[in-house]
Q: 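Let me begin by handing over the structure; questions about it come next.
Quick note: numbers below take in every heavy atom, side chains included, and nothing from hydrogens, waters or symmetry partners. Numbers here simply count residues along the sequence, with the first being 1.
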Amino acid sequence: REALAAELLKIEEYVQMALSYLRLDSESTDYVLRRCELDEVVRGALRRYARLFILKKLTLDFRETHRTVLTDEKWLGFVIGQLLSNAVKYTPEGGRVRIYPDGETLVIADSGIGIRSEDLPRIFEKGFTGCNGREDRRATGMGLYLCRRVLTGLGHGITVSSRPGEGTIVRLLLHDGRLETE
C-alpha cells in the first residue's frame with residue numbers, strides 16, 4: 001500500500017510539473033506575493049514527501065530558519081518540493097537530507113550520488129538530464145529548469161554544487177531584500 005501511494009505521488013508530481021510548465025509559459029503569471037513563514041513552506045513540502053523519506057529510510061535534519069519571505073507561497077513550495085524530490089530520488093536508501101539556513105540562504109543538501117562536474121553547467125537547461133538522468137531513465141530534465149524559472153520570476157536565485165559520490169548542495173538565494181528576520 002505504501003509503495004502504491006509513493007508511485008501515485010510520483011505521477012502527481014509529473015502532472016504538476018507539466019501544468020507548472022504550461023502556466024509559466026502563459027502571458028501572465030499567477031504570482032501572489034505576500035509575506036510567508038519560510039519554515040511553514042518547507043514543512044508543507046516535507047509533509048508531501050514524508051512517505052518517500054520513510055520508504056527509503058532517509059534521515060532528515062531540518063533546522064528552522066525563523067524567517068519570513070516576501071514570495072509566492074505556492075510557487076516557492078513547488079520549488080522546494082522539486083528539490084526534495086530530487087534529493088529523495090538520487091539519495092540511496094539510508095542516506096541523509098539536510099535543510100538549514102545559512103545566513104540569508106536556505107540550503108537543501110543530500111548525501112546522494114551527486115552530479116558530475118561536466119554536467120553542472122547545464123543542469124538548468126530545459127530537457128537536460130545529464131549522466132544521472134540517462135542512467136535513471138525517469139528524469140525529465142524539467143525540474144531544475146522550472147525551479148530556476150520560478151525563482152527568477154520571484155526575484156530569488158538558486159545555485160548548486162555537487163560531487164559524485166558525496167551528494168549535492170542546493171542554495172536558494174533569498175537575499176534580495178525580500179528575506180527578513182522575524
Q: Kindly give the heavy-atom pair with the smallest separation between Thr168 and Ser162, and that separation in Å.
A: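 That closest heavy-atom pairing would be OG1-OG, 2.8 Å.
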
Q: Let me see the working for Asp61 and Arg96 under salt bridge (charged side-chain N to carboxylate O under 4.0 Å, His left out), right down to the final yes or no.
A: CA-CA 8 Å; Asp61 177 9; Arg96 181 176 179 201; 3.0 Å; yes

Q: Decide side-chain contact (heavy atoms from CB on, under 4.5 Å) for Thr105 and Thr159; before the verdict, give the C-alpha distance in whole Å, the side-chain angles of both, and the deciding distance to 0.1 Å.
A: CA-CA 10 Å; Thr105 304; Thr159 62; over 6 Å; no

Q: Quick check: closest heavy atoms across Asp102 and Arg171, and the distance to 0.1 Å?
A: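 Here Asp102 and Arg171 meet closest at OD2-NH1, 2.8 Å.
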
Q: Hey, mind stepping through Ile80 and Ile99 against side-chain contact (heavy atoms from CB on, under 4.5 Å) and telling me if it holds?
A: CA-CA 10 Å; Ile80 292 171; Ile99 303 170; 5.9 Å; no

Q: Is a donor on one side and an acceptor on the other found under 3.5 Å between the side chain of Asp39 and the backbone of His66?
A: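 Answer holds: yes.
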
Q: Could you point out which residue of Leu84, Ile54, Val97 forms a side chain to side chain contact (heavy atoms under 4.5 Å, CB included) with Tyr49?
A: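 It is Leu84, the one option of Leu84, Ile54, Val97 that forms the side chain to side chain contact (heavy atoms under 4.5 Å, CB included) with Tyr49.
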
Q: List the atom of Pro92, the atom of Ser111, and the distance in Å for their closest heavy-atom pair.
A: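 Between these two residues, the closest heavy atoms are CD-O, 4.0 Å.
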
Q: What distance do Gln82 atom CD and Arg148 atom CZ have between them, rounded to the nearest 0.5 Å?
A: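 So the CD of Gln82 and the CZ of Arg148 are separated by 15.0 Å.
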
Q: Which heavy-atom pair separates Ala45 from Gly77 by the least distance, and what is that distance?
A: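 Minimum heavy-atom separation between Ala45 and Gly77: CB-O, 4.4 Å.
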
Q: Between Ile158 and Val170, does the side-chain contact (heavy atoms from CB on, under 4.5 Å) criterion hold? Intermediate values first, please.
A: CA-CA 7 Å; Ile158 184 171; Val170 179; 3.8 Å; yes

Q: What closest approach, in Å, do Leu154 and Leu76 show between heavy atoms, and which atom pair accounts for it?
A: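 For Leu154 versus Leu76, the nearest heavy atoms are CD1-N, 4.3 Å.
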
Q: Quick check: closest heavy atoms across Arg67 and Gly103, and the distance to 0.1 Å?
A: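 Heavy atoms only, the tightest pair is NH2-O, 3.4 Å.
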
Q: Determine whether Tyr100 and Leu58 fall in the same hydrophobic cluster, where Ile, Leu, Val, Met, Phe, Trp and Tyr are linked whenever their side-chain heavy atoms lie under 4.5 Å apart.
A: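 Different clusters.
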
Q: Ignoring hydrogens and geometry, is there a side-chain-to-backbone donor-acceptor pair from Lys56 to Thr91 under 3.5 Å?
A: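 Checked: pair present.
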
Q: Could you tell me if the side chain of Val69 sits less than 4.5 Å from the side chain of Leu106, heavy atoms only?
A: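 No, side chains not in contact.
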
